[in-house]
Amino acid sequence: MAKLSYSYYQNIDVNAVAVDLLGKYLFTSIDGTVTGGIIVETEAYKGAEDKASHAYAGRFTSRTQTMYEDGGLAYVYLCYGIHHLFNVVTGPKGIPHAVLIRGLEPVEGLEHMLSRRGMSILKSNITAGPGALAKAMGIDKNLNSADLQGDLIWVEDRGLGFKNEQIVACPRVGVAYAEDHALLPWRYFVKGNRFVSKPNKYI
DNA sequence: GTGCGGATGAACT
DNA sequence: GTTCATCCGCACT
C-alpha cells in the first residue's frame with residue numbers, strides 16, 4: 001500500500017524508472033470512483049536529448065512545462081485531438097524526462113472501467129494502449145500536473161516485480177518522426193501479458 | 001491568424 | 001491493411 005516516494009521519481013535514469021514501473025499499481029480516484037491496475041507497458045522519453053520527446057532540444061511551452069517540474073507529477077496531454085495520454089514525470093526539476101504508461105492490467109473498479117469504455121464484458125483492449133487506459137481510468141487534462149502523492153492519481157508498490165527475462169525492450173510506437181532516435185529500444189513490456197498494446201511484433 | 005500534423009483506436013474493406 | 005474521427009499545440013506569417 002506504499003505510494004512511490006518523491007525520491008523514486010527523482011531518478012535521473014528515465015529508462016531505469018520505465019522498467020521499474022512495470023508491476024507497480026496505478027490508481028485514480030475520480031469523483032470518489034477508484035479504479036486501478038498493474039502497469040505492464042511503458043515507454044521512456046528522455047527529455048531534451050530525445051527527438052521523440054515533446055521537450056526535445058529544450059522546447060519549453062505551456063504544454064511541455066509540466067515535464068520540467070520535479071519528478072512525481074502527472075503529464076497528460078491530448079493526442080490526435082481524441083485521446084488523452086498519461087505520463088509520469090521523472091528526474092529532478094528542470095530535466096523534462098517522462099515515462100508514458102501504455103498498458104495496464106485492470107485490478108480494481110473494473111465495472112467503472114467497462115462503463116467508461118462503453119464495454120459490457122472484459123476484453124484485453126480495455127486498457128491496452130495509452131489512449132485506451134487513460135479513458136478507462138478517467139484520466140483527462142484535469143489531471144495534468146497532478147501530484148502523484150495526492151489522492152486523485154497515484155502509483156503504489158505492492159511488492160510485485162518482474163524478472164528481467166519477463167521484460168521485453170523494443171523500439172517505441174508511433175515515433176517514426178524521431179529519425180535516428182526512432183529505433184531506440186525504450187519501450188518496455190511484460191512478455192505475454194494480454195494488456196500490452198498491439199504492435200507486438202518484437203516479442 | 002493560419003495551417004499542418006500528431007507518443008491512437010476503432011471501424012471498416 | 002486502410003481509413004478516419006477530431007482538436008489543439010506549435011511554428012510561422
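Numbered from 1 within each chain, the chains take letters A, B, ... in sequence-line order.
Atom CG of A:D13 has more than 12 heavy atoms from other residues, nucleotides or ligands within 6.0 Å. Within a 6.0 Å radius of CG in A:N164, no more than 12 heavy atoms belonging to other residues, nucleotides or ligands are found.
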Exercise. For A:I38 and A:K24, run side-chain contact (heavy atoms from CB on, under 4.5 Å): C-alpha distance rounded to whole Å, both residues' side-chain angles, the deciding distance at 0.1 Å, then the answer.
Key: CA-CA 6 Å; A:I38 302 166; A:K24 299 296 188 288; over 6 Å; no
Quiz prompt | Protein proximity profile, nucleotides 4-13 of chain B - base contact B, sugar-phosphate-only contact S, no contact -, cut-off 4.0 Å on heavy atoms | solution = --BBBSS---
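For the atom pair A:L148 CG and A:S5 OG, the distance stands at 11.5 Å (nearest 0.5 Å). How far CZ of A:F162 is from CD1 of A:I39: 10.5 Å, rounded to the nearest 0.5 Å. We find the NE2-CG distance between A:H97 and A:N87 to be 13.0 Å, quoted to the nearest 0.5 Å.
Under the 30°/60° scheme for interplanar angles, the aromatic rings of A:H54 and A:Y75 are found to stand perpendicular.
The footprint of chain A on DNA chain C, defined by a heavy-atom cutoff below 4.0 Å, extends from C:dA5 to C:dA11.
The cationic group of A:R63 lies under 6.0 Å from the six-membered ring centre of A:Y77 and within 45° of the ring axis, placing it in a cation-pi geometry. Taking the ring axis of A:Y45 as reference, the NZ or CZ atom of A:R172 stays within 45° of it and closer than 6.0 Å to the ring centre.
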Quiz item: How is the base pairing of DNA chain B summarised as a dot-bracket string, given the Watson-Crick and G-U wobble criteria with both distances under 3.5 Å, [ ] for crossing and | for another strand?
Solution: ||||||.|||||.
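Of the possible polar contacts, one joining the A:E41 side chain to the A:S197 backbone as a donor-acceptor pair under 3.5 Å is found.
Using a 4.0 Å heavy-atom distance criterion, A:K51 is classed as making no nucleic acid contact.
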